[in-house]
Amino acid sequence: MKTQSSEYYISEINRLKEEKNAIILAHYYQTSDIQDIADFVGDSLALSQKAASNSADIILFAGVKFMAETAKILAPRKKVLLPDMNAGCSLADSCKAVDFEKFIKANPGRTVVSYVNTTAEIKALSDIICTSSNAVQIVESLPPDEKIIFAPDRNLGNYVLNKTGRDIVIWNGTCHVHEEFSLEAIIRLKKENPAAKIIVHPECELPVRMVSDFIGSTSALLNFTRKDNRKCYIVATEVGIIHQMKKENPEKTYIPAPPRDSTCGCSECSFMKLITIEKIFNCLTKENPEIIIDKNILLKAQKPIRRMMEISEKLGL
Ligand code: 13P
Ligand code: SF4
């Protein structure tokens, strides 16, 4: 197919959305052009909440597969499209259902709290889901003596354990983006910009979290830069979030924290960046690739996700 200009794709996407009663939900880690054509941009929790309550017939998910699957689980009657099925997640991939079943068996009597960054199969094996926005509150909502399995992110799990002091066994998974931030480079950037605050996603390793001024999910980081009165931030999460930060407070400076082995100086999620405006156009035109989940798995996965949504709503998250 002939490649067209981005103006052409954007105007066609807007026409197709109208014609098909479709909405585009985009994660903060998408490229700026995609964030700007989306009907809604958010973090994993806000995107799940939006997927569960909208009047569209089609949801096109500009994000990664586990996010689109979560949307399908919450809105099973809607058609959910993902422009590139290869948009996976190294963290979700680190936790395979066969191995996780063995892990649960090896740690009996524990409540299984799984991060939303998991496949539908892992969600179906879980008691409750969380996102980085609500992980601490979800764990705190459980009775104090409840023993817990937390999967799959070991850094988020360790952060939750430190915050709550609960009895938690943690799956040994990591994200290829957040695991890779260079502590040395962050410290050097802070020396060069002493007035900057270091803001960090909880998927980052402990030493990086320890030098931070604030830890939070992507929307919590955005909110922090919105309300905080400093003018400069060193941002340790995927670089896409900086687009929204700049949009909201263009007078401030945002310095992306670099990964250990980089020459480019910023950190990108290669899976998130598989989604392009051209692929969104093709996907909306053909209504394909579509997310299809085995009915049994979908029904089993619904319960722990809904449990998370109910607790989040009660807590006003
Ligand atoms: P958020 O919960 O901040 O959206 O994080 C999602 C994610 O994939 C982080 O790597
Ligand atoms: Fe997965 Fe990490 Fe990409 Fe988030 S940034 S989607 S956890 S690989």
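Basis for what follows: all heavy atoms, side chains included, without hydrogens, waters or symmetry-related copies. Read the numbers this way: they start at 1 and go in the same order the structure lists the ligands and their atoms. What you see is a predicted model; the values in this text were computed from it and never measured. Residue numbers start at 1 and run along the sequence shown.
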Exercise for review: Give the C-alpha distance, both sets of side-chain angles, the deciding distance and a yes or no for side-chain hydrogen bond (donor to acceptor under 3.5 Å, both in side chains) between Asn223 and Arg226.
Suggested key: CA-CA 5 Å; Asn223 205 22; Arg226 207 178 266 151; 3.0 Å; yes
Check your understanding: Should Asp228 and Tyr233 be marked as a side chain to side chain contact (heavy atoms under 4.5 Å, CB included) after you check the CA-CA gap, both sets of side-chain angles, and the distance that decides it?
Key -> CA-CA 10 Å; Asp228 186 64; Tyr233 304 91; 2.8 Å; yes
Point to revise | Trace of the side-chain hydrogen bond (donor to acceptor under 3.5 Å, both in side chains) decision for Ser44 with Thr131 | key: CA-CA 6 Å; Ser44 305; Thr131 74; 5.9 Å; no
Exercise for review: Decide side chain to side chain contact (heavy atoms under 4.5 Å, CB included) for Phe40 and Leu47; before the verdict, give the C-alpha distance in whole Å, the side-chain angles of both, and the deciding distance to 0.1 Å.
Suggested key: CA-CA 8 Å; Phe40 183 80; Leu47 289 166; 3.8 Å; yes
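No hydrogens or angles considered: a donor-acceptor pair under 3.5 Å links the side chains of Ser90 and His176. Neither side chain, Tyr254 nor Lys246, offers a donor N or O lying under 3.5 Å from an acceptor on the other.
Not a single N or O atom of Asp43, backbone or side chain, sits closer than 3.5 Å to an N or O atom of ligand 1. Close N/O approach between Ser44 and ligand 1 is found [any backbone or side-chain N/O within under 3.5 Å].
Counting heavy atoms under 4.0 Å from ligand 1, residue Tyr29 touches it through the side chain alone.
Less than 4.0 angstrom separates some heavy atom of Ser217 from each of these atoms of ligand 1: 3 (O). Atoms of ligand 1 found under 4.0 Å from any heavy atom of His178, numbered from 1 in the order shown, are 9 (C), 10 (O). For ligand 1, the atoms closer than 4.0 angstrom to any heavy atom of Thr218 are 1 (P), 3 (O), 4 (O).
Nearest approach of Asp127 to Val112, heavy atoms of both residues: OD2-N, 2.6 Å. Scanning both residues, Glu238 and His178, for their nearest heavy atoms gives N-NE2, 4.0 Å.
Regarding atom 9 (C) of ligand 1, its nearest protein heavy-atom neighbour is Glu203 OE2, 3.1 Å. What sits closest to atom 2 (O) of ligand 1 on the protein, heavy atoms only, is Ser132 OG, 2.6 Å. Taking atom 5 (O) of ligand 1 as the reference point, the nearest protein heavy-atom neighbour is His201 NE2, 3.3 Å. Looking only at protein heavy atoms, the nearest one to atom 4 (O) of ligand 1 is His27 NE2, 2.7 Å. For atom 8 (O) of ligand 1, the nearest non-hydrogen atom of the protein is Asn117 ND2, 3.2 Å.
Within the 6.0 Å centre-distance limit, the rings of Trp171 and Phe100 are counted as a close aromatic pair. Here His27 and Phe61 keep their ring centres 6.0 angstrom or further from each other.
Summarising the local packing, NZ of Lys300 is surrounded by 12 or fewer heavy atoms from other residues, nucleotides or ligands at distances under 6.0 Å.
Inside a sphere of radius 2.8 Å centred on atom 3 (Fe) of ligand 2, the protein N/O/S atoms present are Cys269 SG.
Cluster annotation: Leu60 is connected to Tyr8 through the hydrophobic network of ILVMFWY side chains, with a link wherever side-chain heavy atoms come within less than 4.5 Å.
Within the structure, the closest approach of His27 to ligand 2 does not fall below 4.0 Å when heavy atoms are considered.
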